[in-house]
Amino acid sequence: MVRPSHVGVSPAQNPHLLHLLQALNLSITTKSLLLTQQSHAQTYRLGLAHHSILATKLISAYSLCKLPSHSLLIFHSNNPKNAFLCNALINAYVDNLRYPDALTLFSQMGTQYDVSPDDYTMSALLKLAGELRDLVIGKSVHSWIAKTGFVSDSILMNSLMSMYRKCGSGSGFEDVRKVFDEMPQRTLSSWNLLISAYGVYGGSGFSGDVREIVERMRIEGVGLDGYTVSTLLPLCPAPSDGRRCDFGREIHCYVLRRNVGLGSADVHVCCCLIDMYSRAKNVVAAWNVFDGMSSRNIVAWTCMITGCVHNGLSEKALMLVRKMQVVDGIEPNAVSLISVLPACSSLCSFMEGKQIHAFAIRKEISYAMSLRNALIDMYAKCGSLDCARKVFDEDQHVRDSITWSLMIAAYGLHGDGDEAIYLFDNMLKLGIEPDNITIVGVLSACCRSGFLREGINIYKSLVMDFGISPTPEICSCVVDMLGRSGQLDRALEFINSMPFDPGANVWGALLDASIIHDNSEMRDLAHKFLTHLEPENPSNYISLSNVLASSGKWDAVIDIRSTMKDRGMNKLPGCSWISINSEMHSFYVADKNHPFSPLIYEVLDNLFLTIKESFPCFDNFDEDPLLGSCG
DNA sequence: TTAGGGTTAG
């Protein structure tokens, strides 16, 4: 294709022009506004303000500095227009999310400026179509490519794959693969886009495993680069997926052997490795990758923090937040704080959580919705409903369905069913659609507060008026509500009417309820199903064993304990903990190892006495098998 | 001047 010639002399003939081009290339690489403005001023000083190559570069440079309006001024001051100027401005609009302006300019190219769109124009439009998820525009460009014979342009075809990957069309992976299959020439990016599409669509429309794509790459002699690796690693299954997780390790070995990317200096690849090992519960391997990195950015630190939190290493996660500032001088951002807040919850470390909140306020990032949601969750789980509510009330315009769900669940957790229902009603009145987690939150709140009628009414209304399909978790809440209120027959009737096979959580709810209400027939039924569904879960045996022991049925207890022994089942004893003056105190059931044990049990005995006096129905309190060990 | 990668809340 013949390109329009630029106005003015060539860079080789004019050293000033060459110098300015180099300066503008540097402005583009560094995204420096100062350098862009200085270069812009120089174009006037040297009488090159209307040189179209410089103008094109200036349009791109101002766009990268997030000033597309400046790009437009440059465009207007250069005549006649050519494809370079138009494409640069269309790209500036697309990159700065000004999609309608990009489309307007595209339509003006032929009508107003007498410029024909080219492959670069189409590439920009494919990016726009992808961002807008506009398949009509995307398919129009596809037709243009087919008509003009640009199918041999592998970069443009890669843009087409990218568009189909973003838009999805119901055919999912198939559309992307079709473009890939029909490409006369492929680049490594074509393979990377294919793998990326596999990740987006989970391989639907593709019968094989992602490993088959990698194997094809090997057969065709295409090596993996940093992009390939960081696209593949998130697809490696964690052990909980029930599949082998060797693939991630194989990729890691490949990275080390071939020094993919820049090996330990490739932050992207290392972050993906940390994430892969963390998901595989191999936090030691994740830590080794992190320690071996030659330089770490905020994402790397946050990856490692997340890895620690997901693997129960809460103290280490909090330590990393301090260390990232001291060692690398990197301040945590909103994502880092969101990642570490669950560590405060799991340690019940209210003060640490509050310090993180204060830090977010100081750094003026506390308004971010995700961070506020994480703060609500942390405060509720650390026992401060008031602080959670303060964050919730801060700005009613910065609330999404998760914000509401968290606050409803917080009231449920703290036994305030009335407020949970009140908030749920308000949420519906404001037109915010509840999702399954909101529903579980409000039903659990009803259950905990003993609000059977209210809970059942909410459930019925959601199914009848909102057309919500009950999930196993929602059904489990209903069984729990009915069971705890003593309506065991109704709970069983509900289980039998469920549109799917009841899972362990449903039978578990019935088992707990039948133990509370001493219904041995229902208890044995629930236990039978539960152990059938989860034969290796020790909790299912322990709960029954405790009940049988309390009623003196020692033969049955011995049977259960020997079954557990035969199957090698061990259950870690439950543990509670509390942080007092930054010191953690933990307690097991009937634990008397704490130095203040005599005092603690004295206070506990007094509490039991007070409850007994207030509620005579608790006369058999200290004979209760679940509480007897405390006294 | 056109394509592809990493961390986050219930």
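The chains referred to below are lettered A, B, ... by the order of the sequence lines, with proteins before strands, and numbering in each begins at 1.
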Applying salt bridge (Lys or Arg N to Asp or Glu O under 4.0 Å), name anything that partners [X], two or more places apart in sequence or on another chain.
X	value
A/Asp291	none
A/Lys354	none
A/Asp225	none
A/Arg186	none

Nearest-Å distance for atom pair [atom1]/[atom2], residues [X] and [N]:
X	N	atom1	atom2	answer
A/Met378	B/dT8	CE	P	19 Å
A/Tyr62	B/dT1	OH	C1'	18 Å
A/Asp118	B/dT1	CG	P	13 Å
A/Arg177	B/dG4	CZ	P	22 Å
A/Met122	B/dT1	CE	P	20 Å
A/Asn158	B/dG4	CG	C1'	8 Å
A/Ile365	B/dT8	CD1	P	16 Å
A/Ile402	B/dT8	CD1	P	14 Å

Close approaches to DNA chain B from [range], in residue order (heavy atom, under 4.0 Å):
range	answer
residues 390-400 of chain A	A/Asp400
residues 300-309 of chain A	A/Thr302, A/Cys303, A/Thr306
residues 123-130 of chain A	A/Ser123, A/Lys127

| Does atom CD of A/Glu220 have more than 12 heavy-atom neighbours from other groups under 6.0 Å away? |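 For A/Glu220, atom CD is crowded (more than 12 foreign heavy atoms under 6.0 Å).
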How is [X] classified with respect to the nucleic acid when contacts are heavy atoms under 4.0 Å: base, sugar-phosphate, or nothing?
X	result
A/Ser370	base
A/Ile155	base
A/Thr228	nothing
A/Asp225	base
A/Thr438	base
A/Ile437	base
A/Asp153	nothing
A/Ser339	sugar-phosphate
A/Arg372	nothing

Has the side chain of [X] got a donor or acceptor that lies under 3.5 Å from a partner of the other kind on the base of [N]?
X	N	value
A/Asn436	B/dG10	no
A/Ser189	B/dA3	yes
A/Thr231	B/dG5	no

Measure from the side chain of [X], starting at C-beta and using heavy atoms only, and say which of [options] lies closest.
X	options	answer
A/Val335	B/dT8, B/dT2, B/dG6	B/dT8
A/Lys381	B/dG4, B/dG10, B/dT8	B/dG10
A/Leu193	B/dG4, B/dT7, B/dT1	B/dG4
A/Asn192	B/dG4, B/dG10, B/dA3	B/dG4
A/Asn91	B/dT2, B/dA9, B/dA3	B/dT2

| message | Walk me through whether A/Arg296 and A/Val267 qualify under side-chain contact (heavy atoms from CB on, under 4.5 Å). | response | CA-CA 7 Å; A/Arg296 305 179 189 100; A/Val267 184; over 6 Å; no
| B/dG6 base stacked by A/His268? Criteria: ring centres under 5.5 Å, plane angle under 30°. |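 Per 5.5 Å and 30° rule: no stacking.
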| Between A/Arg165 and B/dG5, does any side-chain N or O lie under 4.0 Å from OP1 or OP2? | yes
| request: Report yes if a side-chain nitrogen or oxygen of A/Lys166 is closer than 4.0 Å to either non-bridging phosphate oxygen (OP1 or OP2) of B/dG4; otherwise report no. | output: yes
According to side-chain contact (heavy atoms from CB on, under 4.5 Å), who are the partners of [X], at least two apart in sequence or on a separate chain?
X	value
A/Phe106	A/Ile90, A/Met109, A/Pro117, A/Thr121, A/Met122, A/Leu125
A/Ser154	A/Met183, A/Thr187
A/Asp153	A/Asp119, A/Phe150, A/Ile155, A/Leu156

Output a table of donor-acceptor pairs, distance under 3.5 Å, between side-chain atoms of residues 60-68 of chain A and any protein atom two or more places apart or on a different chain; print 'none' if there are none.
unit_1	atom_1	unit_2	atom_2	d
A/Ser60	OG	A/Thr56	O	3.3
A/Tyr62	OH	A/His40	ND1	2.9
A/Ser63	OG	A/Asn96	ND2	3.2

| field | For A/Leu318 against A/Val340, the heavy-atom pair lying closest together | value |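 In this case the closest contact between A/Leu318 and A/Val340 is CD2-CG2, 3.9 Å.
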| Cut-off 3.5 Å, side chains only: do A/Ser189 and A/Asn192 have a donor facing an acceptor? | no
| If we ignore angles and hydrogens, is there a donor and acceptor under 3.5 Å between the side chains of A/Ser278 and A/Asp275? |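 Side chains of A/Ser278 and A/Asp275: no pair found under 3.5 Å.
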| What salt bridge (Lys or Arg N to Asp or Glu O under 4.0 Å) pairs are there with at least one residue in residues 402-415 of chain A, not counting sequence neighbours? | none
